[in-house]
J.: 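The structure under discussion is supplied below as structure tokens; questions concerning it will follow.
These numbers were taken from a predicted model, which means no experiment stands behind them.
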Amino acid sequence: MNDYVIAPPPQASLPVQGSAALFPVRRVYCIGRNYAAHAVEMGHDPDREPPFFFQKTPDSLDASGRFPYPVMSSDVHHEAELLVALGTGGSDIAEADALAHVWGYGLALDMTRRDLQGVAKKAGRPWEIGKSFEAAAPVGPLCPVAEVGHPDAGALTLTVNGETRQQGDLNQMIWKVPEMIAHLSRYYTLAAGDVILTGTPSGVGPVARGDVMQLTCAPFPPLRVDVV
């Protein structure tokens with residue numbers, strides 16, 4: 001048994017739909033500008049450029065249904081996404097084999113301190129200050145592949161206070177799930193517990209305290225998040 005000089009932090013984990021068991025999270029990879037309309041919205045060329053990724057910390061995943069408005073920002077945006085959870089991993093995974101490594105899927109929000117991200121971009125600095133902070137990724141329960149298959153189409157819709165803000169379809173992703181997994185595995189050794197956020201459609205925008213966000217995409221249970 002190991003002794004630690006301080007108590008080790010709790011294992012970051014995600015709930016599983018219809019089960020008391022939890023999915024342990026190892027790393028969180030996020031793909032940027034993976035929907036053409038969102039790339040245009042953010043001022044970039046929507047052509048199929050090589051994918052790029054950034055990371056959030058595992059403990060930024062939050063299934064509480066509450067999003068505490070973060071400090072040091074006055075412009076926090078919602079980004080609705082499909083989440084992919086890996087049950088196995090490896091290096092140099094072939095695209096044809098990639099889906100065999102997926103344990104399940106869920107819904108998530110990549111909350112972004114847009115003002116801080118903008119400052120970092122202009123200075124040529126990393127984005128972490130805008131992307132990785134407490135409760136930066138509200139999530140819903142995971143649904144195992146055995147129950148939902150590998151969804152590659154379906155309306156992804158986010159409302160804020162009942163008003164539609166984001167509306168896209170999973171089939172609009174520039175880089176599909178097998179391609180993302182294969183590409184990531186060339187640069188990292190993927191492993192069980194890794195999570196991938198797959199990008200967001202156009203319509204990203206600000207939220208304020210008191211807002212209610214709801215993300216839907218069949219066959220997943222709706223994800224409701226209160227901004228507090």
Side-chain angles (χ1 to χ4, degrees), residues 11-19 21-39 46-56 58 61 63 79-110 137-158 166 168-201 215-223:
Q11 168 67 56
S13 59
L14 296 176
V16 175
Q17 181 73 4
S19 173
L22 298 173
F23 180 91
V25 178
R26 175 178 175 263
R27 293 179 183 170
V28 182
Y29 299 97
C30 309
I31 186 171
R33 298 195 290 266
N34 199 30
Y35 287 74
H38 176 58
D47 288 343
R48 200 172 188 263
E49 62 182 357
F52 72 94
F53 294 85
F54 57 91
Q55 291 192 36
K56 288 180 181 278
L61 299 173
E79 298 190 11
E81 314 215 0
L82 175 72
L83 179 151
V84 180
L86 301 186
T88 56
S91 299
D92 294 316
I93 296 171
E95 187 179 319
D97 301 328
L99 290 182
H101 295 276
V102 178
W103 185 89
Y105 298 87
L107 300 180
L109 292 167
D110 171 18
V139 295
L142 294 181
C143 296
V145 166
E147 296 181 6
V148 299
H150 295 285
D152 56 6
L156 186 72
T157 303
L158 177 78
Q166 290 187 263
D169 196 287
L170 299 180
N171 64 17
Q172 296 169 342
M173 285 194 289
I174 298 171
W175 292 90
K176 310 304 183 185
V177 172
E179 295 173 312
M180 283 184 264
I181 294 171
H183 183 85
L184 272 171
S185 74
R186 298 187 190 109
Y187 295 90
Y188 303 94
T189 299
L190 300 179
D194 286 348
V195 164
I196 303 170
L197 301 187
T198 58
T200 194
L215 175 57
T216 57
C217 182
F220 307 103
L223 171 60

J.: In Å, rounded to the nearest 0.5 Å, how long is the span from CD1 of Ile174 to OH of Tyr35?
T.: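 Here the interatomic distance stands at 10.0 Å.
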J.: Output the distance between atom CG (Leu170) and atom CG (Leu82), rounded to the nearest 0.5 Å.
T.: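 Leu170 atom CG to Leu82 atom CG measures 5.5 Å (nearest 0.5 Å).
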J.: Which is it for Asn34 and Met180 under the side chain to side chain contact (heavy atoms under 4.5 Å, CB included) test, yes or no, and what are the steps along the way?
T.: CA-CA 10 Å; Asn34 199 30; Met180 283 184 264; 3.8 Å; yes
J.: Using 0.5 Å steps for rounding, measure from the CZ atom of Phe220 to the CG atom of Leu215.
T.: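 Between Phe220 CZ and Leu215 CG, I get 10.0 Å after rounding to 0.5 Å.
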J.: Mind checking whether Leu190 and His101 have side chains closer than 4.5 Å, heavy atoms only?
T.: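 Heavy-atom side-chain distance check fails, nothing below 4.5 Å.
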J.: Can you confirm whether Cys143 sits close enough to Pro221 that some side-chain heavy atom of one is under 4.5 Å from a side-chain heavy atom of the other?
T.: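 Sidechains of Pro221 and Cys143: in contact.
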J.: For the residue pair Val25 and Pro58, what are the closest heavy atoms and their distance?
T.: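 Closest approach of Val25 to Pro58, heavy atoms only: CG1-CB, 3.9 Å.
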J.: Going by side-chain contact (heavy atoms from CB on, under 4.5 Å), Pro178 matches just one of His150, Glu95, His183. Which one?
T.: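 The option that passes is Glu95.
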J.: Can you see which heavy atom on Ser91 is nearest to which on Thr189, and at what distance?
T.: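 Taking Ser91 first and Thr189 second, the nearest heavy atoms are OG-OG1, 2.9 Å.
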J.: Which pair of non-hydrogen atoms, one from Val148 and one from Pro219, has the smallest distance, and what is that distance?
T.: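 Closest approach of Val148 to Pro219, heavy atoms only: CG1-CG, 3.6 Å.
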J.: When you measure from the side chain of Gln166 to the backbone of Ala80, do you find a donor-acceptor pair of N or O atoms at a distance under 3.5 Å?
T.: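 Yes; judged by distance alone, with no hydrogens or angles, the pair exists.
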J.: What's the shortest heavy-atom distance between Ile31 and Gly199, and which atoms?
T.: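 For Ile31 versus Gly199, the nearest heavy atoms are CG2-N, 3.5 Å.
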J.: Looking at Asp110, Val195, Leu61, which hits side-chain contact (heavy atoms from CB on, under 4.5 Å) with Lys56?
T.: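 That would be Asp110.
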J.: Taking the side chain as every heavy atom from C-beta outward, state whether Leu107 and Leu156 have any pair of such atoms under 4.5 Å apart.
T.: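 A side-chain contact exists here, since the closest heavy-atom pair is under 4.5 Å.
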J.: For Asp169 and Ala153, indicate whether the former's side chain and the latter's backbone hold a donor-acceptor pair under 3.5 Å.
T.: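 Answer holds: no.
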J.: For the backbone of Pro144 and the side chain of Glu147, can you confirm whether one donor and one acceptor N or O come within less than 3.5 Å of each other?
T.: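 No, Glu147 side chain to Pro144 backbone: no donor-acceptor pair under 3.5 Å.
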J.: Verify whether the ring centers belonging to Tyr29 and Tyr188 lie closer than 6.0 Å.
T.: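 Ring centroids of Tyr29 and Tyr188 are less than 6.0 Å from each other.
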J.: Check step by step if side chain to side chain contact (heavy atoms under 4.5 Å, CB included) holds for Leu83 and Thr198.
T.: CA-CA 6 Å; Leu83 179 151; Thr198 58; over 6 Å; no
J.: Nearest 0.5 Å, please: how far is CD1 in Ile196 from CZ in Arg27?
T.: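 It comes to 12.0 Å.
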J.: Would you mind reporting whether Glu81 and Thr200 have side-chain heavy atoms less than 4.5 Å apart?
T.: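 With C-beta onward as the side chain, the pair touches.
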J.: Find out whether Leu99 and Val177 are in side-chain contact, i.e. whether some heavy atom of one side chain is under 4.5 Å from a heavy atom of the other.
T.: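 A side-chain contact exists here, since the closest heavy-atom pair is under 4.5 Å.
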J.: Nearest 0.5 Å, what's the CG-CG distance between Leu223 and Leu158?
T.: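 Leu223 atom CG to Leu158 atom CG measures 8.5 Å (nearest 0.5 Å).
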J.: Can you tell me how far the CG atom of Asp194 sits from the OG atom of Ser185, to the nearest 0.5 Å?
T.: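 So the gap between those two atoms works out to 11.0 Å.
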J.: Any idea which heavy atoms bring Ala108 and Leu197 closest together, and the distance?
T.: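 The answer is CB-CD2, 3.8 Å.
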